Amino acid sequence: MFKQFFEWYEKRHDYARDWIAKNNSDVVGCFCSYVPEEIIYAAGLLPVRLLGSHEPQDVTEPHIFGMFCPFCRDVLAQGLKGRCDYMKGITIAQSCLHLRQSFTSWENHVPVDYAYYLPMPSKVQTRHARPYLKGEYERYIKSLEEWTGKRISNEALRESAELHNENRRLMHEVYDLRKDPNPSVTGSEAMVMVVSSFLVDKKDHNAELKRILPELKSRTLDRETGSRLMIVGSENDDTKFIKMVESVGATIICDDHCTGTRYFWNETKFENGDILQDLADRYIDRPACPSKDWEERTRFPHILQMAKDFNIDGVIIIQQKFCDPHENDIPILSEYLKENGFPTLFLEFDVTVPLGPMRVRVEAFLEMLSEEELF
Amino acid sequence: MAEYKTEPLKCWNKAKELRLKYYKDYQEAHKKGGIRWTGGAWALDAVPAGLGRDVYNITGEPYGASIAFDKKFSLECMEATEAKGWARDLCSYMRNYWGSMYLNKFAFGGEYPEPDFCYQDHICCSHAKWYQHVAEYKKTPYFCVDVSVGPYNELDENRLMFVVNQLHEAIEWMEKTTGRKYQDELLIEAVENECRSTSTWAEICCLNMAKPAPLDEKTMYSLYVHGTLAKHKKEVADFYEELRDEVKYRVENNIAALPNEKCRLMSDTQPPWGFLKVFRYLEKYGAISIGSLYTFGLIGIWETKPDGAWGPRTTPMQKGEKITNRDQALRILADWNLSKPEWQHFYDPDLKTEMMLQIVKQWKLDGVMLHLNRGCEGLTCGIMENRLGIAKTGTPIMTFEGNMGDEREFDEKQVMTRIDSFMETLGLQMMTV
C-alpha cells in the first residue's frame, strides 16, 4: 500500500528530474525543515529537502572537519558527487552549525544558480521573533522574485499554505491510525510517508494519501504489534534501522524527528489577515528543534504528551554522532521521560548503523519492557 | 645571537591583578550586597551594568579556560560532567564549567559562587543551552538574547531591531528579576566603555604589524582576556589604553617579543590551554605567532578603512556622537557587537577566509597554523573551507588537532612532530643556544 512512497523515497532524483521537465521549472534544495516551503512552492518551484544516502563516503573530509555530524557530511556528499546536478537553487533556514557547513560548502563547490541563507531566529520564544521572521520572509521573497523573474502573489502564498496544510492534515490522519492497539501502519511505512512528502510535489503526495487512507482504515497487518515504541532525536531517515526494530517484536508508533512529526505537526492558521505573518507564526509555533528550545523547555512536555496520546511503552532516543543540539538535551530528556514512567534506550547513529550490535541492545530493551509488564 | 632587544611588559603584573580582582569581586559580591550574574564572554554585558555599580559577572569561556589550565581540576570537572550523562564531544569550556558547578568547587578557591541570574547571548548551538542547564540546576532565572541575525555586511533594520528589541526586553526582565530600578546613565557609560575597550584592543593588535612584533600570541592571551571578562568596565578600557601606550613605546624602540624573530605566523581558534608550550616550541625555530583572527577579533572590533586596510572601528565618541538615551545606547551596542569579526563565519566561512588573508597580508605573515579544535564547534565551524581558501593563495598552512579545554584530546608528540615538518617546509631550523 505504501509502495508509491517507497518508490519516491528511493528514486527521488528521477522524480525531481521528471517534475522539472513536466513543469518547466526548477527545484530548490532545502537544508532544514525550517525552510518555508510554502514560499518556494508559491514561486512555482519545487522545494526538496536534502538528505544523505547512508553510504560511506570520502569526499567531504576537505570541507567539513570530522567533529561535525555524519548527516551534514552525508548531505554534502550528495552535492559533491553530482547526484543533485538538476538542482539550480538551494536555501537554508538557520539551523545547527553542522548543517550550515553543508550549505556553505555546497554553495562554494557545487554549481548552483541561487543560494539563500535565511536567518531563522533561534529564540523562537521571544515575542519579537514573529515580526522579525515576517521581515525575513519579505526579504526572501524579494530575492526569489529577482532570481525567477516572477512575482509571488499573496494569493499564490495562500494557496500554497492551504496545500501544505492539507498535506499535514492527511498525514495526521495516518498518524491517528497508529493510536489503535493494533495499528494498520508500521513505523517504517510512516517514516517513508513523511520523508517522501518533502521530496515530491504536495499535490502528488496528497493525492496518494487520499487514495490509501480509506483502505488503510480497514487494513489489518499480518504481524504482532509487540511493544509500542516512540523514537526521538536527531534527523533520522534510517529505514533499515526501523525495519530491524520492527522485526524483533516492536512497532514504532510515533516520533519526534525533524524528518517526522516536527516537520508537519502544526498547520498555518489564517488569523492575522496577513499571509506572511501567518506563515511566520506557523514556523515559530512548530514543535521546536532542541537548538531553538530555550529558555523554557517546550519540547519535553510535547514529547511526553505524544507518548501518552499514542500509548507508548518505551522511547528510543537516537542521536547523530556529534549532534550538539540533541546532546544538549538528551541526559535531561531521558531523565524526564523516566520520571514520567517511560523507559528509554539511547543509541548513537552514524551514516550507516551497525544493525547487529544495535539489535542486541534493542532486544534487551524490549525484554526489559516486557518484564515490566509481567511484574 | 639575539637580533632584537626584548624586555617584559611593564603592565604585566597589573593585568594579572586585574584578572584576579575580577574573579574575587564576583566571589565576594554578595558580601557587599551586590548582584552576581553568569553568562558567556559574548553576552552583551553592558546591559546588566545598568542595574548598579555593584553588579559582577563571571563569563563561562574564560572560566572554562582557567580550569583547563589546571589539568588535574579540569579532569575532575570533565569526569563529573560525563558522570551526569553529557557527551564528551560537547563544548569543553561548558563541560569544565558544569563540572565546577556539580563539584561545587570554584577554580579560584572556595565553593562555586551561586549566580543571582543567568544572562547569555546565542550564536552557536551550545550558547543558550549552556545556561539553560545552569539555570535549571541552580534554580536561577535566565534570559538569553538571540544575536544570530546573519553577517554584518547584510545587516538591515529588521535584523538590527530584532536584537535591540530583545535587549529592551532583557532590561524589563532584569528589573523584574532583581527588583532594582534600571539606570540608563550606567548603561550609556558601559556602552561607551565597551566601544573604547574593544576598539583599543584592535589598535593594540595593529601595533603587532611591526617587525619585530612587540607582542607574541601567548602573551596576548593574558591581555585580551580582560575583554572577555568585562569589556564594558572602565578599568578594562583604561587598562587597554595604558597597554596600547606601552606597546606603542615597544614598537618605537624596537623592543621585540621574540629576540630572534625570523618567521611570522598566525594561529586560529582557541589554543589548547593545557599546552601553551606549543608557542614556546615555535620560538626555538625563531617563529612567532603574532596573533590570530581569534585573538584579534573575539573581542576586538574592527572596520575596513578607506584605503582598504583593516583597523580599529571608529567609536561613536570618536565620531562625536553623544549617547543620550536607552534606545540609542542599545542600538549602538547591538550594531557594534554584530560587526564582531568572530561572529561572521557562523554564516559563511568565506567571510573569515577574507579576514584571515587580510591579516596575512597586512601583518606580513609567512604561514598559518589552524587548530582543529574539537572543544569548540562554534569557532571550528567552516575551518576546513578556511584551510582551502588560504591554501589556494599559496600561503603555507598547517593544521593540528586538539581541544581547547580537554587535554585528553591533545596528542603532544604528534603535534610537535607536525610543527617540525611545517617549520622544515618554511626553511627553518631549530636554533641551538
Side-chain angles (χ1 to χ4, degrees), chain A residues 60-69 92 94-98 100-101 103-105 107-109 117-129 131-136 138-139 290-297 319 321-332 334-335 346 348, chain B residues 84-87 89-91 94 118 120 122-133 135-136 141-151 154 156-159 161-166 168-169 345-350 372-374 377-378 380-385 387-389 399 401:
Chain A
T60 59
E61 290 307 304
H63 303 285
I64 301 179
F65 179 36
M67 67 180 268
F68 292 95
C69 85
I92 188 168
Q94 185 160 265
S95 54
C96 62
L97 295 184
H98 302 246
R100 279 181 215 188
Q101 293 177 89
F103 172 81
T104 49
S105 288
E107 184 183 4
N108 277 354
H109 303 286
Y117 186 108
L118 197 159
M120 169 79 204
S122 297
K123 185 170 183 176
V124 291
Q125 294 179 16
T126 169
R127 64 182 185 270
H128 304 296
Y132 166 65
L133 186 56
K134 184 196 159 194
E136 286 305 323
E138 284 167 354
R139 191 167 163 158
S291 69
K292 298 187 192 300
D293 197 34
W294 46 272
E295 294 100 346
E296 194 191 327
R297 291 193 194 269
Q319 176 220 312
K321 200 174 166 91
F322 306 130
C323 172
D324 299 70
H326 282 275
E327 285 176 348
N328 273 312
D329 266 10
I330 285 171
I332 311 274
S334 184
E335 205 53 46
F346 171 69
E348 190 176 70
Chain B
K84 297 268 183 194
W86 299 101
D89 53 279
L90 280 169
C91 167
M94 181 170 82
C118 300
Q120 169 67 315
H122 182 84
I123 196 167
C124 94
C125 298
S126 293
H127 279 148
K129 305 299 274 190
W130 178 336
Y131 295 94
Q132 182 180 46
H133 179 54
E136 282 169 348
Y142 176 37
F143 192 94
C144 185
V145 179
D146 180 4
V147 296
S148 55
V149 294
E154 294 176 18
D156 64 8
E157 184 67 9
N158 185 47
R159 293 179 181 185
M161 285 313 292
F162 180 51
V163 179
V164 173
N165 285 332
Q166 289 177 81
H168 277 291
E169 196 181 351
H345 73 277
F346 282 95
Y347 315 103
D348 185 353
D350 291 352
L372 304 179
N373 180 359
R374 288 188 170 270
E377 55 149 11
T380 311
C381 179
I383 198 164
M384 297 308 281
E385 290 293 347
R387 190 188 77 83
L388 288 175
T399 59
E401 276 193 42

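None of the values given here were measured: they were computed from a predicted structure. So you know, we letter chains A, B, ... as the sequences are listed, proteins then strands, and number each from 1.
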* Asked: Side-chain donor-acceptor pair under 3.5 Å between B:H345 and B:E385, yes or no?
  -> no
* Structure fact -> Heaviest contributor of heavy-atom pairs below 4.5 Å to chain A, chosen from B:M161, B:H133, B:E136, is B:E136
* Output all residues satisfying salt bridge (charged side-chain N to carboxylate O under 4.0 Å, His left out) with A:K321, sequence neighbours left out; order by chain, then residue number. => A:E348
* Parallel, tilted or perpendicular, as decided by the 30° and 60° cut-offs, for the rings of B:H122 and B:H127 -> perpendicular
* salt bridge (charged side-chain N to carboxylate O under 4.0 Å, His left out) partners of B:D146, counting only residues at least two apart -> none
* To do: Could you have a look at A:M67, A:H128, A:Q319 and say which one has the most heavy-atom pairs with chain B under 4.5 angstrom?
  => A:H128
* To do: Name the region of A:N108, side chain, backbone, both or neither, that has any atom closer than 4.5 Å to a heavy atom of chain B.
  => side chain
* **Residue among B:I383, B:V147, B:L372 with most heavy-atom pairs under 4.5 Å to chain A** => B:L372
* Structure fact -> To the nearest 0.5 Å, atom CD of A:E136 lies from atom CD of A:Q94 at 9.5 Å
* Return the option, out of B:S148, B:G85, B:C124, with the maximum number of heavy-atom pairs under 4.5 Å with chain A. => B:S148
* Structure fact -> Per-residue tally against chain A (heavy atom, under 4.5 Å) across B:G150, B:C118, B:P151, B:S126 peaks at B:S126
* Asked: Which one, B:T399, B:T380, B:D348, leads in non-hydrogen pairs under 4.5 Å with chain A?
  -> B:T380
* Options A:I92, A:L118, A:I330, A:D329, ranked by heavy-atom pairs under 4.5 Å with chain B, top entry -> A:D329
